[in-house]
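One structure is given here, and the rest of the page talks about it.
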Amino acid sequence: MTVVTRFAPSPTGFLHIGGARTALFNWLYARRHGGRYLLRVEDTDRQRSTAEAIDAILDGLSWLGLDWDGDIIYQFSRAARHAEVAQQLLAEGKAYHCYATPQELEEMREQARRENRPMRYDGRWRDRDPREAPAGVKPVVRLKAPQEGETVVIDQVLGKVTVQNAQLDDMVLLRSDGTPVYMLSVVVDDHDMGITHVIRGADHHTNTFRQVQLYNALGWQVPEFAHIPLIHGPDGAKLSKRHGALGVDAYRDMGYLPAALRNYLLRLGWSHGDDEIISTTQAIQWFDLEHVGQSPARFDFAKLTSLNAHYLRETPDADLLPLVLPAIGRLIGEPLSDAARERIARGINGVKQRSRTLVELSAGLAFYARSGAPPAEEKAAALLTPAARGVIAGVAAALEPAPWTEPALESTVKAFAESAGIKLGQVAQPLRVALTGSTVSPGIFEVLSILGREESLIRLRAAAA
RNA sequence: GUCCCCAUCGUCUAGAGGCCUAGGACACCAGCCUUUCACGUUGGUAACACGGGUUCGAAUCCCGUUGGGGACGCCA
């Protein structure tokens, strides 16, 4: 049996981190088993679904590198099919019209709340003669669910769970306007699409029992289920916009790499022994449902950032350049000259070694892009004491006639330090400030070399003055 | 409230009854390396929620307590 998985986001907002992980797990599982990974947009809520949200989700998935097989299925376009299934159930006596009004249902819930009873539909139209139907009320269609016995879900992550059917009420299949409700649509679509493994967030776990009842009423085979624990915010509470529930585009903007996010998300809830750095290729070979954890995880930026630093260092300079060039242009407030691009290309390796995100990388590269003395950070400016300025002037003079290669620069500066009777560190740090405007940068000889004689001397003299 | 799920360092996790003096990673602290920072490296602080069982033996199995989460829509 070929594995078929799906990711089924509802386009009522951006692709958040939990959805991204669900997509990743589905994608990995399908790839692992040489199966298919489908995408279904659950847009049956016409009020809340938007085209912008669809774009944002597709965009997020593409950025993450989670390509889907075949065409996207828009659930709303299948409404007629869903209604047809409900009609079939109706015809078979497995579903019925319910004329209870929203007000009645609200009262039912109120009453239940007051009496500390579970909030459920009481089945008042289940066996009632349709001829008693009130005039002018459009009915919904409800599933005639079993009232005795129990429903069992075997979950690949959570194991076997049993619920008493008395706990479940007759769910709505079709709204009074004839449109299908999510519970019906998922079941019909998953069946029609040949989904073999439903991998989704644990928030759907309780829904599964009702869905299984539907599968049973329809005589359809139940797919495998795997409910993965939710991701919480740093404070352990449900992820909300206040903590980590950002769209994946926000992570892109913060300078995270898709590969890093994939690795981080993978380890959030799944493990392979002590392995931490897991490439996507490796993940495809290893991923399974047995090692998905059962408890919720908290989102931790520090770990993501550390992973990102790793992937940043692993990424070839040529791939990083286009990601960073536009940002640097914005940073210095002018278009990048050819000389600037050239310096950035040569300097990027040195800077990426000490950057954790693309944002840090861009910022760390900006001094290469400028012409003339870079603005000095506060901490850096403080280092430019009169004595330091004197040292810089001395070095500038020593450097002017010297050959401009890294080894040569090093020996020139070292010779200068020796003759001046000071330590290299006392020369290097003021030099760094003059050249980069910062106390943090790649090796000072690398910087001199890349900046070139002319540009270096301009900056040194400006600092010495 | 009812039902369901979950529970190992601050965080992510390894752990499928003896291999556990509970391992790794991130974060944190200290040392080394070094022209700064970062990388790297060495070491350190730090956890089996609690209480009962079962067993020769429990982080691992069972029950309860506590705590956290989820679901209870003509939303998905």
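Values reported hereafter were calculated over all heavy atoms of this structure, with side chains retained and with hydrogens, waters and symmetry mates removed. Not measured: the values here are computed from a predicted model. Below, read A as the first sequence line, B as the second, and so on, with proteins coming before strands; counting in each chain starts at 1.
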Open item on the list: Any base atoms under 4.0 Å from A:Gly443, or only sugar-phosphate, or nothing? Heavy atoms, all strands.
Closed with: base
Open item on the list: Looking at B:rC6, I'd like to know if its phosphate oxygens (OP1 or OP2) sit under 4.0 Å from a side-chain N or O belonging to A:Gln294.
Closed with: yes
Task: Touch class at under 4.0 angstrom, heavy-atom based, for A:Val172 against every strand present - done: sugar-phosphate
Task: P gap between B:rC39 and B:rA27, integer Å - done: 8 Å
Task: Mate of B:rC26 where both pairing distances stay under 3.5 Å, Watson-Crick or G-U - done: B:rG10
- [ ] Test A:His197 against every option in A:Tyr37, A:Tyr29, A:Phe7 by the ring-ring contact (aromatic ring centres under 6.0 Å, His included) rule and name the one that passes.
- [x] A:Tyr29
- [ ] Could you work out the separation of B:rU11 and B:rC5 based on their P atoms and round it to a whole Å?
- [x] 24 Å
Open item on the list: Under 4.0 Å, counting only non-hydrogen atoms across every strand here, what does A:Gly201 touch: a base, just sugar-phosphate, or nothing?
Closed with: nothing
Task: Heavy-atom check, side chain of A:Arg120 versus side chain of A:Gln167, under 4.5 Å - done: yes
Task: Length of the line joining A:Tyr74:OH and B:rA76:P, which is rounded to integer Å - done: 18 Å
Task: Strand partner of B:rU36, provided both Watson-Crick or wobble distances fall under 3.5 Å - done: none
TODO: Determine the interplanar angle of the A:Phe299 and A:Phe301 rings, folded into 0 to 90°, and report it as parallel if under 30°, tilted if 30 to 60°, perpendicular if over 60°.
DONE: perpendicular
Open item on the list: Side chain of A:Arg354, heavy atoms from C-beta onward: which of B:rA38, B:rG24, B:rA76 has the nearest atom to it?
Closed with: B:rA38
Open item on the list: Does B:rG70 have OP1 or OP2 under 4.0 Å away from a side-chain N or O of A:Thr206?
Closed with: no
Task: Aromatic ring pairing A:Phe225/A:Tyr215, orientation class (parallel under 30°, perpendicular over 60°, tilted between) - done: perpendicular
Open item on the list: Regarding A:Phe445, tell me which of base, sugar-phosphate or nothing describes its non-hydrogen contacts under 4.0 Å with the strands shown.
Closed with: base
Task: Sugar-phosphate only, base, or nothing, as touched by A:Asp203 at under 4.0 Å among non-hydrogen atoms - done: sugar-phosphate
Open item on the list: With rounding to the closest Å, how many angstrom separate the P atoms on B:rU42 and B:rU8?
Closed with: 29 Å
- [ ] Could you give the distance separating B:rG17 and B:rC12 at their C1' atoms, to the nearest angstrom?
- [x] 26 Å
Task: Residue met sooner reading RNA chain B from 5', once A:Arg313 and A:Tyr121 are mapped to nucleotides - done: A:Arg313
Task: Nearest-neighbour nucleotide for the A:Leu424 side chain, B:rC6, B:rA76, B:rU35 considered - done: B:rU35
Task: Side-chain heavy-atom pair A:Thr179, A:His82 within 4.5 angstrom cut-off - done: no
Open item on the list: Taking pairing as Watson-Crick or G-U wobble with both contacts under 3.5 Å, can you name the mate of B:rU2, or confirm there isn't one?
Closed with: B:rA71
Open item on the list: Applying a 4.0 Å non-hydrogen cut-off, can you work out what A:Leu158 is touching in the nucleic acid: base, sugar-phosphate, or nothing?
Closed with: sugar-phosphate
- [ ] Return the nucleotide paired to B:rG17: Watson-Crick means purine N1 to pyrimidine N3 with N6-O4 or O6-N4, wobble means G-U with N1-O2 and O6-N3, both under 3.5 Å.
- [x] none
Task: A:Arg21 charged N/C atom sitting above A:Phe25 aromatic ring, 6.0 Å / 45° - done: yes
TODO: Using the C1' atom as the reference point in each nucleotide, state the distance between B:rC61 and B:rU13 in Å, no decimals.
DONE: 22 Å
Open item on the list: Students often get this wrong, so: under 4.0 angstrom with heavy atoms, is A:His227 touching a base, only sugar-phosphate, or nothing?
Closed with: nothing
Open item on the list: Within the 4.0 Å heavy-atom criterion, would you say A:Ser441 contacts the bases, only the backbone, or no part of the nucleic acid?
Closed with: base
Task: Length of the line joining A:Glu418:CD and B:rU35:P, which is rounded to integer Å - done: 13 Å
Open item on the list: Starting the side chain at C-beta, find the nucleotide from B:rA76, B:rC74, B:rU36 nearest to A:Arg142.
Closed with: B:rC74
- [ ] Determine the contact category for A:Ala53: base if any of its heavy atoms lies under 4.0 Å from a base atom, sugar-phosphate if only primed atoms, P, OP1 or OP2 are that close, otherwise nothing.
- [x] nothing
TODO: Pick the P atom in B:rC20 and in B:rC26, then give their distance to the nearest Å.
DONE: 22 Å
TODO: Counting Watson-Crick and G-U wobble pairs only, both distances under 3.5 Å, name the nucleotide matched with B:rA58, or none.
DONE: none
Open item on the list: In whole Å, I'd like the distance from the CZ atom of A:Phe301 to the P atom of B:rA27.
Closed with: 15 Å
TODO: Scan every strand shown for a Watson-Crick or G-U wobble partner of B:rC48, both distances under 3.5 Å, and answer none if you come up empty.
DONE: none
- [ ] Check whether any side-chain nitrogen or oxygen of A:Thr44 sits under 4.0 Å from OP1 or OP2 of B:rA76, and answer yes or no.
- [x] yes
Task: d(CH2, A:Trp270; P, B:rG24) in whole Å - done: 20 Å
TODO: Pick the P atom in B:rC50 and in B:rU41, then give their distance to the nearest Å.
DONE: 35 Å
TODO: Starting from P on B:rC39, measure out to CD on A:Gln353 and report it in whole angstrom.
DONE: 11 Å
Open item on the list: Once rounded to the nearest 0.5 Å, what's the spacing between atom CG of A:Leu265 and atom CG of A:Leu304?
Closed with: 8.0 Å
Task: Minimum-distance nucleotide (side-chain atoms of A:Val161 versus B:rC4, B:rU13, B:rC26) - done: B:rC4
Task: Phosphate contact (B:rC39 OP1 or OP2) by A:Arg356 side-chain N/O below 4.0 Å - done: no
Task: Between B:rC4 and B:rG40 - P atom distance, rounded Å - done: 48 Å
- [ ] With heavy atoms under 4.0 Å as the rule, sort A:Ser295 into base, sugar-phosphate or nothing.
- [x] sugar-phosphate
Open item on the list: Applying a 4.0 Å non-hydrogen cut-off, can you work out what A:Ser306 is touching in the nucleic acid: base, sugar-phosphate, or nothing?
Closed with: sugar-phosphate
Task: From A:His227 atom NE2 to A:Thr206 atom OG1, the distance as rounded to the nearest 0.5 Å - done: 8.0 Å
- [ ] Would you kindly compare A:Lys160 and A:Gln429 by the position of their nearest RNA chain B nucleotide and give the one closer to the 5′ end?
- [x] A:Lys160
Task: Separation of atom OH in A:Tyr182 from atom P in B:rA76, rounded to whole Å - done: 9 Å
